[in-house]
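All remarks here apply to the structure that follows.
Counting starts at 1 for both ligands and their atoms, following the listed order.
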Amino acid sequence: MVMGASRSRRYGSNYDAIVVGSGPNGLSAAIELVRSRRSVLVVEASEEIGGGARTKELTLDGFRHDVCSAVHPLGASSPFFRSLPLEEYGLTWVQPAVLAAHPLPDGEAAALFRDVVQTAERLAVDGSVYRERVGELVARWPGIARGVLGPGLRIPRHPRDLARFGLIAGRSASWFAGRFEGAPAQALVAGMAAHANVPLDRLFTAGVGLMLMLAGHRAGWPFARGGSSSIVSALAAHLTAIGGEIETGRHVGTLADLPNARAIVFATSAWTMAEVCGDALPSRYLRSIANFRPGPGVFKVDWALSEPIPWRASVCTEAGTVHVGGSFEEIAASEEAVDRGTVSERPFVLVVQPTVVDPTRAPVGRHTAWAYCHVPNGLSADMTTRIENQMERYAPGFRDVVIERHTMSPADFERYNASYLGGDISAGAMFARQVLARPAWRIDAHRTPNRSIYLGSSSTPPGPGVHGMCGYHAARSALRHALR
Ligand SMILES: Cc1cc2nc3c(=O)[nH]c(=O)nc-3n(C[C@H](O)[C@H](O)[C@H](O)COP(=O)(O)OP(=O)(O)OC[C@H]3O[C@@H](n4cnc5c(N)ncnc54)[C@H](O)[C@@H]3O)c2cc1C
């Protein structure tokens, strides 16, 4: 299927740029190129646009589930998204009253709110440390965000803000949690940092957790009303309105599959780009991409629910996201187990419950939720029982409210989207070396040694998430070089 105004051009003439992949980064790259007055075609393998931001009725009619991304602290913080009129094309961010809750084995819960003081109040003994350490950085978030959502190795525009952030961010989550005395604050740090899918004693894991907290305090952790697909629908509608074109159902196997263009931006994994380009890229660069490692995978369950989840800790009932995994030690052990190639009996489970704020996701009075746990890359074992056992620990009677479930293993994710190699939803592990050199050591991470070929997926800085910044930076690089 072809979307866009000048459909005839595809068969007659060349484009300035082709973008491969219509996920949030591909569409963002295309928008940046078109608004810089270049002609662009986006080519997508699937019949549907959207990559990791699609919404489908996975369980029953009327229950709309986000297949991949659901919660968007970085989307709401993205300087690129904020520069676009996405609301005019149907995107509405909806914020839960509680951004994220973290139930504890004693029935209490830590929670992240928009307000730093409200968050600190629940942390009892650690409240003042949280207010001081995190509160100071919240004020600096606009400068920090420019850096952490930036193109990678560059002289920062806000060096002081970034340096203050870096004092914590470069360290491990274990170190960061050690700044607090009580179990609730330590667990809160663990749940945030575990989004990195890396053991919590590794460098930069504090940074992932802290970034999500700061983004939450400044921009929230919103859902997109109606589902994450409304983010990519809005991007695609804007793109075609300003003159870009999109062709779906067209898998790119080699460069010969593409029309002529002065620049090609791959918004696919780095490995897909390497496979498609073959010897159009120098062998040294291809070796670096071969050394770029995928991270662990995920196993995900989507539920259609008859009632809200019966959480024991009441603050969880209003939370968009719930980190289920107990204490810092339990979560650290869970992430460590995955790194060793196994799965804990009590895995860290990331739960989202969109119907807390978005009733459009289910028939009246019904609910949806999804959950995933980390697993070794490519693992084929079914994790449904372990995930639901964890749910029962913190929400007794949970299974009684499940009407239907749908599961996706690492292999299902790879089939669904070639970028999720072995179920790695980050398109490249987020350990220290690969945070700094993503996907290879280069000053301009988005530019390959071939002047016509660029990489703009979450295999590049600033990394995974629905924020469009990788695509934006790749487009800017192409505009500076191939498309000058
Ligand atoms: C289970 C899960 C939960 C997640 N939760 C969140 C969340 O809550 N919040 C958040 O911000 N992020 C989340 N993410 C991550 C987020 O979805 C990704 O980081 C984001 O989608 C990456 O965008 P992208 O444009 O780089 O790539 P993708 O969205 O992966 O898009 C790549 C596109 O390229 C296409 N493609 C691949 N190969 C080819 C080819 N050879 N030819 C043509 N087309 C090709 C694919 O079909 C796909 O459409 C989640 C991901 C998963 C899987």
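Of the heavy atoms in Arg250, only backbone atoms (N, CA, C, O) come closer than 4.0 Å to ligand 1. Contact annotation for Thr272 and ligand 1: only side-chain heavy atoms (C-beta onward) come within less than 4.0 Å of the ligand.
Ring-centre distance between Trp303 and Phe398: below the 6.0 Å cut-off.
Residue Val298 has no N or O atom closer than 3.5 Å to an N or O atom of ligand 1. In terms of polar-atom proximity, Asn417 is counted as a contact of ligand 1, with an N or O under 3.5 Å from an N or O of the ligand. For a threshold of 3.5 Å applied to N or O pairs, the pair formed by Val466 and ligand 1 contains at least one separation below that value. Close N/O approach between Ala53 and ligand 1 is not found [any backbone or side-chain N/O within under 3.5 Å]. Taking any N or O of Glu44, backbone or side chain, at least one lies under 3.5 Å from an N or O belonging to ligand 1. Taking distance alone, with nitrogen or oxygen atoms compared against 3.5 Å, Ile425 stays at or beyond that limit from ligand 1. Residue contacts with ligand 1: Val67 is placed with no nitrogen or oxygen under 3.5 Å of a nitrogen or oxygen of the ligand (distance criterion only). Considering backbone and side-chain atoms alike, Val71 places an N or O below 3.5 Å from some N or O of ligand 1. Considering backbone and side-chain N/O of Gly52, one or more are found under 3.5 Å from N/O of ligand 1. An N or O contact shorter than 3.5 Å links Ser458 to ligand 1 by distance.
Side chains of Cys68 and Arg54 form no contact here, defined as non-hydrogen atoms less than 4.5 Å apart. Considering only heavy atoms from C-beta on, Met213 stays 4.5 Å or farther from Val208 through its side chain. Between Ile309 and Thr317 the shortest side-chain heavy-atom distance does not fall below 4.5 Å. Put simply, the side chain of His323 reaches to within 4.5 Å of the side chain of Leu350, judged on heavy atoms. Side-chain atoms of Pro79 and Arg146, non-hydrogen and from C-beta on, do get closer than 4.5 Å to each other.
Ranking the protein heavy atoms by distance from atom 32 (C) of ligand 1 puts Ala267 O, 3.4 Å first. At the top of the distance list for atom 13 (C) of ligand 1, counting protein heavy atoms only, stands Ser69 CB, 3.2 Å. Atom 24 (P) of ligand 1 has Asn25 ND2, 3.5 Å as its closest protein atom, hydrogens excluded (heavy atom only). What sits closest to atom 34 (O) of ligand 1 on the protein, heavy atoms only, is Gly21 CA, 3.3 Å. With respect to atom 36 (N) of ligand 1, the closest heavy atom belonging to the protein is Thr268 CG2, 3.9 Å. Protein heavy atom closest to atom 20 (C) of ligand 1, with residue, atom name and distance, is Gly465 O, 3.9 Å. Among protein heavy atoms, the minimum distance from atom 43 (C) of ligand 1 is reached at Ala45 N, 3.2 Å. What sits closest to atom 52 (C) of ligand 1 on the protein, heavy atoms only, is Cys68 CB, 3.4 Å.
Heavy-atom minimum distance, Arg250 versus Val43: O-CG1, 3.4 Å. Considering every non-hydrogen atom in both Val301 and Ile387, the closest pair reads CG2-CD1, 3.9 Å.
When each atom of ligand 1 is checked for a heavy atom of Gly51 under 4.0 Å away, the hits are 29 (O), 31 (O), 48 (C), 49 (O). Ligand-side atoms of ligand 1 in range of Arg54: 49 (O), range being under 4.0 angstrom from any heavy atom. Distances below 4.0 Å separate heavy atoms of Pro24 from the following atoms of ligand 1: 21 (O), 23 (O), 25 (O), 29 (O). For ligand 1, the atoms closer than 4.0 angstrom to any heavy atom of Phe413 are 1 (C), 53 (C). Counting atoms of ligand 1 from 1 in the listed order, those under 4.0 Å from a heavy atom of Ser457 are 26 (O). Near Lys300, meaning under 4.0 Å from any of its heavy atoms, are these atoms of ligand 1: 1 (C). Per-residue contacts place Pro464 under 4.0 angstrom from the following atoms of ligand 1 (heavy atoms of the residue considered): 19 (O). In the vicinity of Val20, heavy-atom distances shorter than 4.0 Å reach the ligand 1 atoms 42 (N), 43 (C).
Side-chain contact check for Ser229 and Thr55: at least one donor-acceptor pair (N or O, by modelled atom type) lies under 3.5 Å. Under the 3.5 Å distance criterion, with hydrogens and angles disregarded, a donor-acceptor pair is assigned to the side chains of Glu335 and His374. Residues Trp311 and Gln353 have side chains that bring a donor and an acceptor to within less than 3.5 angstrom of each other. Side-chain contact, Thr272 with Ser269: a donor N or O sits under 3.5 Å from an acceptor N or O.
Nearest-residue assignment for atom 41 (N) of ligand 1 (options Thr254, Val276, Val252; heavy-atom criterion): Val252.
Ligand 1 has no atom lying under 4.0 Å from any heavy atom of Cys470.
At a threshold of 4.0 Å, the pair Asp444-Arg480 counts as salt-bridged, since one of the basic side-chain nitrogens sits closer than that to a carboxylate oxygen.
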Report the C-alpha separation of Ile231 and Trp93 in whole Å, then their side-chain angles, then the decisive distance to 0.1 Å, and conclude whether the side chain to side chain contact (heavy atoms under 4.5 Å, CB included) test is met.
-> CA-CA 9 Å; Ile231 304 172; Trp93 294 122; 3.7 Å; yes
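Legend: residues meeting salt bridge (charged side-chain N to carboxylate O under 4.0 Å, His left out) with Arg438, ordered by chain and number and at least two apart, are absent.
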Quiz: residues 287-297 side-chain donor-acceptor pairs under 3.5 angstrom, not counting sequence neighbours:
unit_1 : atom_1 : unit_2 : atom_2 : d
Ser288 : OG     : Arg284 : O      : 3.3
Asn291 : ND2    : Arg287 : O      : 3.4

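Atom CD of Glu275 is surrounded by 12 or fewer heavy atoms from other residues, nucleotides or ligands within 6.0 Å.
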